[in-house]
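Notes follow the structure.
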Amino acid sequence: MDDLSEVSDAQLVTLVARYSEVALAEIYRRHGGAVFGLASRVLSNTSEAEDVVQEVFLRLWNSPERFDPSRGNLRSYLLTQSHARAVDTIRSLNAKRRREINDAHAVARAGYDLQHEAWDLVMSEEVSRALATLPDDERRAIELAYFEGHTYVQVAAILNEPEGTIKGRIRNGMRRMRGELARRGVQGADR
Amino acid sequence: MTHDEAYELLAPLALDALDAVTRLDVERHVLECLRCQGELDTLREVASAMGTTYRDPPPELWEKIAGRLYERPKGEPSSLPVLVPNDRIVPIGLVRAGRVSARTRGYVAAVSAAAAAIIVALAVSLGSAHGQIANLQSALNKSNENPVLSALTTPGHQIVTLRNGQHHTVATFVVLRSGQGYLVRDAMPALNNNKTYQLWGIVNGAPVSIGVMGPSPSQVSFTLVSSPSPSALAVTVEPAGGSLKPARSILAEGAV
């Protein structure tokens, strides 16, 4: 099968399970940019983000059975893997490197607000709009946790709020995001 | 951890915002709780949507990934069974169904290690694989009964023809009901000594090594002892010593 452009993500994973490098390459073509984009955003370091991307795709190659299409689409699965590995990397870094990452995040956010160029995908633009509808305290808690790799306990310390409050803000913010994304018709990226 | 406690932490879990110990506790509960599984899956979809941003990866990144696809994990054996007439070697079964997981890889390694020991014993008496094949060819010529001819006249035998992408016949095997198989003839050109032909059984869609045939196969014998039986045989060209997974695309394949 030479032309895989019309094959579904789930079918591609089945082909990967049969050692099809071409299928893995097609998955990379479809989702490599998103996986790299998220890892880069969390880590603010191209080299470390590349390592994360390699890990994510090699893991899919070696253990394709870990992807369960009944529990979500492939894009979501790969981004979940990418994020978890990026966060692991952040948490293993020393304090100096973490400060550099946090500084870079501050610059990236400012750049986004001024230039409106951080989110390239149409869906991403919708998602960013949805995120912007959240109350500031909920959005800030989610951003610190998701994009900067802090635990919710650390977020509580950073914002000087009780842990239970932050836990509630994250929970409520995620639920609100779910509703907002549904309202905007943002669905999974699976084919 | 109670259900309510775990349920409250699902959103932080979906954001990877739990410490390692708490995460394990919650994940343990989620494994047994369908309601939490469903909620976590939904929250992870939301988190992934939030994380969807795009950045062109460096052009060389895919090449780095592709170059690591067949890295041999530490501890895996470097040699695989050499296929020779089966009165000289214990048959190597097809030891797994599906992909090699970390767990089954250990089993494969154990079986292959046993095979390696047998190969060492063969080496003592027969020399290298090249020498083995030459000696065996000579032995076969001297024998009163050619096992290949015998197989071809055994009731119930099956001819398996391996063809390449251009539908040219690359090799023909005869396989008996017992699982015993022999190379009947081939059109495989001789390889350099740093490469070898390797025979695979396709089990549940995945290739499982049967053994290496050397750079210039002549007399090849094997026994299929797996359950389920392979649906096809396939040949690849591999680095000398063989591979646990095909390092190159399949050269030829034929249904059993």
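Reckoned from all heavy atoms, side chains included, excluding hydrogens, waters and symmetry mates. Here the structure is a predicted model, which is why all the values come from computation and not from measurement.
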Got [X] and [Y] here, is their nearest side-chain heavy-atom distance under 4.5 Å?
X	Y	value
B:W62	A:V53	no
B:T22	A:T151	no
B:L15	A:Y152	no

Tell me the closest heavy-atom pair linking [X] and [Y], and the distance in Å.
X	Y	value
B:E45	A:R71	OE2-O, 4.3 Å
B:K245	A:Y19	CD-CE2, 3.5 Å
B:A14	A:M174	CB-CE, 4.3 Å
B:P58	A:E50	CG-OE2, 3.1 Å
B:D16	A:T80	OD2-O, 4.3 Å
A:K167	B:P12	CG-CG, 4.3 Å

Flag the one option from [options] with the top tally of heavy-atom pairs under 4.5 Å to chain A.
options	result
B:A20, B:G38, B:A11, B:P57	B:P57
B:L9, B:L40, B:I250, B:D19	B:L9
B:L18, B:D56, B:L10	B:L18
B:A17, B:A66, B:A47, B:G205	B:A17

* Cationic N near anionic O, under 4.0 Å, A:R178 to B:E39 ->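 Judged by the 4.0 Å cut-off on N to carboxylate O distance, A:R178 and B:E39 do form a salt bridge.
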* To do: Name the member of A:T46, A:V35, A:D88, A:T14 that forms the most heavy-atom pairs with chain B at distances under 4.5 Å.
  =>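 Sorted descending by pairs with chain B, the first entry is A:T46.
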* To do: Give the member of A:L144, A:L78, A:L79 that has the highest number of heavy-atom pairs under 4.5 Å with chain B.
  =>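 Highest number of pairs under 4.5 Å: A:L79.
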* With a cut-off of 6.0 Å (strictly less than), are more than 12 heavy atoms of other residues, nucleotides or ligands near NZ of B:K64? ->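 Check passes, neighbour count above 12.
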Is chain B contacted by the side chain of [X], its backbone, both, or neither, given a heavy-atom distance below 4.5 Å?
X	answer
A:A25	both
A:V87	side chain
A:I166	neither
A:Y28	side chain

* Straight-line distance of B:M50 CE to A:F147 CZ, nearest 0.5 Å ->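 Rounded to the nearest 0.5 Å, the CE-CZ separation comes to 5.5 Å.
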* Side chain / backbone / both / neither for B:T42 at chain A, heavy atoms under 4.5 Å ->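 Just its side chain gets close to chain A.
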